[in-house]
Amino acid sequence: MALPWRMRTIIEPFRIKSVEPIHMTTREHREEALRKAHFNLFLLKAHDVLIDLLTDSGTGAMSSEQWAGVMRGDESYAGADSFFHFERCLQEITGFEHILPTHQGRASERILFELVGGPGKVVPNNTHFDTTLANVEHSGARAVNLPIEQASDPKNRHPFKGNMDVRALEALIDEVGVERIPLVMVTVTNNSGGGQPVSLENLRAVRAVCDRHGLPLFLDACRFAENAWFIKQREAGQQERPVRQIAREMFDLADGATISAKKDGLVNIGGVLLMRDEALFRRATSLLILTEGYVTYGGLAGRDLEAMAQGFREVLREDYLAYRIRSTEYLGERLLSMGVQIIEPPGGHAVYVDAQAFCPHIPAEQFPGQAVVCELYRAGGIRACEIGSVMFGRHSRPKMELVRLAIPRRVYTQSHIDYVLEVFEDLHKKRDDLRGLRIVEEPEALRHFTAKFEEIV
Ligand code: F0G
């Protein structure tokens, strides 16, 4: 990467052309908004949020070139220029021959697992993201997570904590039988495991297992560029390679991929389903047309395809990735230095705070993560996401009680993050005052989106 100067400060590699005001609110206003939202931050109006760290998905800022692409979008129903531009761009980056646009990641997952899943089937992954898991199970198949052992220890600083446990994969294949496994999936970076990367060495080892058993390997490649950047930084012998080449090697090891372009596609909506196999592609095309849209737009507008093509190019810029990963690391390291335990090392797209360590006086059944999330909002207008007993605890207790601070791409500057740190510092001093919550109303499934809570006094 050519730098104009030996920079000590990694600056945002862009200047701002269009701004969107955020809304300052008083503590009283937020207190009232939180009560009206029944202490569930998904039920807040976004207008009442100052810094929104709920997700990095579809919340990024597009570049001037992407907006120019929006104007160039060819809105022809079939055979639009924008499709061929998008297809060429993804073929160049990934090397996959068959490229289907979808409206977002879960649409790609739904099509894939409707084709290869089904009752009796078993799908291994380092860790399934919730929608992937739901789509595997919706098909009647069983989803199995095989992260390495270090992944569940917040303090372990393994450089590739997203890796799949290759021995556990072999054991699973032996146990259930190869004929019941339609494919092996690896999520890069591993979102549910703390935004942690997977090494090339691990991908090669998983590939070797797949080859021995004749199994296809698919990537859930939502954050492929962030993963490739971590490989360049951390894996022996990778430092001099262009990140684009590393990303290409990741894809070369796989037979296909699902991508939510709302992450490393740098767009607000869009997804991709990619594969090499001609027969699978034909079947996927039929399903795409059935529920998403014709094959050259897949449920999107031509302008969305232009924005995606440009986004996938921009995300591989090394000045962007250096800034992106450093900004997340900055938040994580500063939290650690004030004594807030996070999943170490900080992830690519998010920092995951260990809420159980933050408020040990609140037992898991009173939702320590939700207590932290509510107080972050009340104190500073910050919206974060609980990933613990509220999200996963309906049937069994999850291993960790976490609060995810996800960083939208190219949206907030360092001073916004310094403000988040300031709020955390205050909260950390007063953490003994945090109160647990109880659920007063909840739906059958995915309760975190709509459950209502009250504070325990
Ligand atoms: N796979 C991973 C690893 C994800 O993180 C997500 C979405 C998806 C698939 C599904 O993509 O939302 O476009 O349908 N993650 C978002 C998040 C929602 O907040 O982590 P989608």
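Start at 1 and go down the list; that is how both ligands and their atoms are numbered.
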Protein heavy atom at shortest distance from atom 21 (P) of ligand 1: Q104 NE2, 3.3 Å
CZ/R204: more than 12 non-hydrogen atoms of other groups inside 6.0 Å: yes
In terms of heavy-atom contacts, does CD of E441 have more than 12 from other residues, nucleotides or ligands at under 6.0 Å? no
Looking at D220, which atoms of ligand 1 are within less than 4.0 Å of one of its heavy atoms? 1 (N), 2 (C), 3 (C), 9 (C)
Tell me every residue that passes ring pair (Phe, Tyr, Trp, His ring centres under 6.0 Å) with H23, counting only those two or more places apart in sequence or in another chain. H47
Any nitrogen or oxygen of G105, main chain or side chain, under 3.5 Å from a nitrogen or oxygen of ligand 1? yes
Can you find a non-hydrogen atom of H349 under 4.0 Å from ligand 1? no
Around atom 13 (O) of ligand 1, find the nearest protein heavy atom and jot down its residue, atom name and distance. S260 OG, 2.6 Å
Quick test: of every protein heavy atom, which one is nearest to atom 9 (C) of ligand 1, and how far off is it to 0.1 Å? E109 OE2, 3.0 Å
Considering non-hydrogen atoms of the protein only, which is the closest contact for atom 8 (C) of ligand 1, and what is the distance? F129 CD2, 3.3 Å
Is a side-chain donor or acceptor of D255 paired with a backbone partner of L217 at a separation under 3.5 angstrom? yes
Identity and separation of the nearest protein heavy atom to atom 10 (C) of ligand 1: T131 OG1, 3.4 Å
Output the list of atoms in ligand 1 that are nearer than 4.0 Å to some heavy atom of R223, sorted by atom number. 3 (C), 4 (C), 5 (O), 20 (O)
Please work out, at 4.0 Å between heavy atoms, whether the side chain, the backbone, both, or neither of R106 comes within that distance of ligand 1. both
Are any of the N/O atoms in T187 less than 3.5 Å from those in ligand 1? no
Ionic contact status for D319 with R317, cut-off 4.0 Å: yes
Any N or O on N191 sitting closer than 3.5 Å to an N or O of ligand 1? yes
For ligand 1, is there an N or O atom under 3.5 Å from any N or O atom of T55? yes
Does atom CZ of R303 have more than 12 heavy-atom neighbours from other groups under 6.0 Å away? no
Measure across R142 and V144 and return the closest heavy-atom pair with its distance rounded to 0.1 Å. NH1-CG2, 3.7 Å
Is a side-chain donor-acceptor pair under 3.5 Å present for E306 with S82? yes
Identified side-chain contact (heavy atoms from CB on, under 4.5 Å) counterpart of I231 within the set V198, V188, L200: L200
Does only the side chain of R404 get under 4.0 Å from ligand 1, or the backbone, or both, or neither? Count heavy atoms. side chain
D56, any N or O under 3.5 Å of ligand 1 N or O: no
Looking only at protein heavy atoms, which one is nearest to atom 16 (C) of ligand 1, and what is the separation? K263 NZ, 3.4 Å
Check the surroundings of atom CD in E235: do more than 12 heavy atoms from other residues, nucleotides or ligands lie under 6.0 Å from it? yes
Whether G271 lies under 4.0 Å from ligand 1, heavy atom: no
Exactly one candidate in E109, Q104, R106 meets side chain to side chain donor-acceptor pair (under 3.5 Å) with T131; the answer is E109
For K262, the ligand 1 atoms with a heavy-atom partner under 4.0 Å come out as 13 (O)
